[in-house]
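Some notes on the structure that comes next.
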Amino acid sequence: MKNGLKQPGKKIDILIVEDSLTQAMQLKYLLEKNMYSVITADNGQNALEVLDQFEPSIIISDICMPGIDGYDLCRRVKALDREKEIPVILLTSLSNPEDVVEGLECGADNFITKPYAENYLLSHIQQIIANQSLRQTERVRIGVEIIFAGKRRFIAANQQQMLTLLISTYEAAVLKNTELLQTQEELQTLNEQLEEMVEERTVELKRNEQKYLDLYDNAPTMFMSVEYQTGIVIDCNETLLKKTGFKRSEVIGNHFYSRYHPNSIEQVKKNFQLFNETGEIEDSELELITVSGEKVPVLMNSTAVRDENGNILHSRSVLQDITKLKQTEQELLLAKDKAEESDNLKSAFLANMSHEIRTPMNGILGFSQLLSDRDISDQEKDKYIEAIDKSTQQLLHIITDILDISKIEAKQETTQLTIFNLNELLEEVIAFFRPMFNQKKLTLSYVKNQTFDKYKIKSDQVKLRQILTNIIGNAHKFTEKGKVELDVFIIENKIIFNVIDTGIGIDPSLYSVIFDRFRQVELTYSRKYGGTGLGLSLSKSYIEMMGGSISVDSIPGEGSTFIFDIPLIIDADPVLDNRSETEEIPIVNSWVDKTLLVAEDEELNLFYVKTVLKPSGIKIIIAQNGLEAVEHCKTNNEISMVLMDIKMPEMDGLTATRIIKSFNKSLPIIAITAYALSGDGMRCLEAGCDDYLAKPIKRELLYSMINKYIS
Ligand code: ADP
């Protein structure tokens with residue numbers, strides 16, 4: 001198309017020249033939305049063709065386009081000989097100052113920077129349209145030649161054009177600046193947010209670090225890291241320091257060998273060798289050393305920490321304290337040894353028991369057979385009877401011990417407290433042993449402690465007698481020459497008993513075991529000295545039951561001292577148990593007119609009682625069981641006293657006693673109990689019996705008991 005004066009074509013508001021279809025459509029849509037009529041051309045050439053037919057109020061053109069670019073188009077538009085000059089707005093990024101010079105040069109009216117703000121664009125279009133009339137009058141062109149960026153340029157724009165272009169440039173710069181400021185502000189806010197986030201993350205990281213450090217330091221296991229090349233400890237946790245008592249500075253920086261007890265060093269060296277080869281150590285039992293030189297047994301596991309080339313940097317060891325495990329192991333070993341020892345003891349005990357029981361049994365059998373020989377003299381007969389009596393006592397003693405120990409095992413044994421005169425008891429025990437000591441030509445000394453005549457004490461008399469009998473019996477048994485001394489005194493609230501002998505003595509290593517059941521120092525002793533190994537165990541149990549303790553002191557070959565104590569309880573309201581086993585047989589003339597009911601089902605026992613009481617002339621009637629006894633007491637007023645066996649068929653003695661006492665309270669009833677079951681006495685008294693006698697019944701005791709109640 002040729003330039004020349006043109007007739008005004010069809011009126012249109014805006015011509016958009018834009019080679020990007022998307023951008024052209026976007027702009028068209030915006031302008032049409034704001035009530036402008038719009039036509040588009042996709043390059044400069046097409047725009048010029050459009051101008052042949054149309055008369056737009058404004059041209060908005062992109063700069064970079066193929067063929068005729070924005071500047072060129074502007075130049076040509078400005079050169080058109082039109083009645084009204086068409087303002088041209090160039091869309092530019094304004095990244096280069098040359099754009100401004102080129103804009104001036106080509107006579108552009110305005111710059112709009114890309115990307116444009118919609119409102120800004122619309123307000124400019126309005127402004128340009130409003131200024132159009134002004135443009136018509138002001139057409140003075142300035143021809144200026146300038147050199148910019150090394151190029152000679154000719155600016156032929158009019159003043160209005162120049163002004164609006166410069167203002168638009170300035171505005172664009174201001175806009176850019178505002179945008180920049182806004183972006184800067186946004187950046188600032190983002191930066192602050194980022195800083196806040198970083199701070200929060202740092203706090204969280206620190207918290208986590210603290211948490212893991214706490215876990216590491218206070219874990220139940222010990223941790224230690226050792227530098228591989230030097231063997232220097234580079235780290236350890238608090239647990240290790242607490243367990244060993246060392247300061248951190250004493251551990252870190254020192255060789256790891258110094259953490260171990262000398263006992264373990266050999267093993268530690270072997271482990272190190274293994275670690276060199278495999279990079280790990282599994283379940284190695286070692287001993288750490290504490291600051292005071294004590295051992296802490298540990299189970300150690302180590303792994304290697306390597307660099308990226310696989311070279312070992314340092315070891316990381318976990319050490320678990322196994323003190324308790326070791327203790328348990330030790331206890332188990334001891335228990336095992338003890339179980340094995342008990343097994344051996346049991347066999348030894350059985351062999352010994354067999355011997356102990358057979359000896360008196362043989363005695364009884366042998367002498368009984370001899371007794372049946374009609375030709376023996378009275379003297380021999382007495383000797384045999386004495387031998388049988390001795391064997392029987394021995395057997396009874398063994399059986400009693402076994403029964404007592406069973407009762408203790410079954411926890412059925414309890415103490416039975418009575419009030420008695422201790423001196424009397426001690427004198428009885430001494431009197432019992434005197435003949436045995438005389439026979440062995442040993443001295444048995446006891447200096448009476450006058451204090452005990454002033455006080456009556458409360459204790460288990462039966463058990464105390466048994467304890468003294470066992471200990472003095474042992475002293476007698478294990479002493480060949482010299483003496484045995486009984487010494488009794490009070491310290492604070494305890495009665496102390498010392499039994500000192502000049503016998504074979506006991507090795508100190510055996511002090512505790514001799515109090516174990518079936519335990520004898522040497523099995524050969526059982527052959528030489530006899531005994532079941534139960535006496536001391538029984539005595540210890542009884543003493544402890546009474547609230548006391550027993551111990552032994554000895555010099556082997558010179559003698560032993562057994563010391564025991566029981567609590568001193570003084571009776572406030574004395575009721576003396578004044579039965580005495582040593583009383584003389586009383587004068588019995590007065591019993592001729594008395595009747596004694598003997599309730600007893602065993603023939604042998606009956607025979608014994610009848611024989612023993614025959615000299616007294618007392619009349620004896622017999623009941624075979626409890627029922628018969630009750631019947632006799634109901635019907636026979638002559639009965640002055642009852643001897644009641646507690647174990648009988650049909651009705652037992654205690655039931656019978658209760659019934660008899662219910663209708664005849666004043667009739668004296670003496671219970672006959674089994675000697676071994678010492679708790680029976682108490683039960684008899686509770687049932688209403690006036691007193692009790694233990695089997696086998698001693699002649700003197702029977703007489704004194706009848707005498708006490710019958711007269
Ligand atoms: P037993 O005397 O029946 O063997 P004990 O339990 O009374 O059983 O005593 C256990 C062991 O203690 C005895 O076998 C003996 O080895 C030792 N023993 C006890 N008393 C004495 C003592 N006075 N002197 C030396 N050894 C004693």
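Start at 1 and go down the list; that is how both ligands and their atoms are numbered.
Taking any N or O of I506, backbone or side chain, none lies under 3.5 Å from an N or O belonging to ligand 1.
At a heavy-atom distance under 4.0 Å, no atom of F515 approaches ligand 1.
When each atom of ligand 1 is checked for a heavy atom of L534 under 4.0 Å away, the hits are 6 (O), 8 (O). In summary, the atoms of ligand 1 found under 4.0 Å from a heavy atom of I514, numbered by their order in the structure, are 10 (C), 12 (O). For ligand 1 and K477, the ligand atoms under 4.0 Å from any heavy atom of the residue are 1 (P), 2 (O), 3 (O). Residue G505 has at least one heavy-atom neighbour below 4.0 Å for each of these atoms of ligand 1: 25 (C).
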key: Trace of the side-chain contact (heavy atoms from CB on, under 4.5 Å) decision for K243 with L288   = CA-CA 9 Å; K243 294 246 180 209; L288 293 179; 5.9 Å; no
message = Run E544 and K540 through salt bridge (charged side-chain N to carboxylate O under 4.0 Å, His left out) and show every step you take.
response = CA-CA 6 Å; E544 285 170 358; K540 183 171 184 268; 3.2 Å; yes
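A donor-acceptor contact under 3.5 angstrom links the side chains of D565 and S549, judged on distance only.
Contacts of K610 classified as side chain to side chain contact (heavy atoms under 4.5 Å, CB included), with partners at least two apart in sequence or in another chain: I620, I622.
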Side-chain donor-acceptor distances from residues 640-649 under 3.5 Å, at least two apart:
unit_1, atom_1, unit_2, atom_2, d
S640, OG, T595, N, 3.2
S640, OG, T595, O, 3.3

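Proximity of G473 to ligand 1 is not established, as no heavy-atom distance is less than 4.0 Å. The shell of residues lying under 4.0 angstrom from ligand 1, judged by heavy atoms, includes S560.
At least one side-chain heavy atom of L613 sits less than 4.5 Å from a side-chain heavy atom of I706. Contact of the F433 side chain with the T469 side chain is registered, since non-hydrogen atoms from C-beta on lie closer than 4.5 Å.
Closest heavy-atom approach to atom 23 (N) of ligand 1 among the candidates D501, I472, N474: D501.
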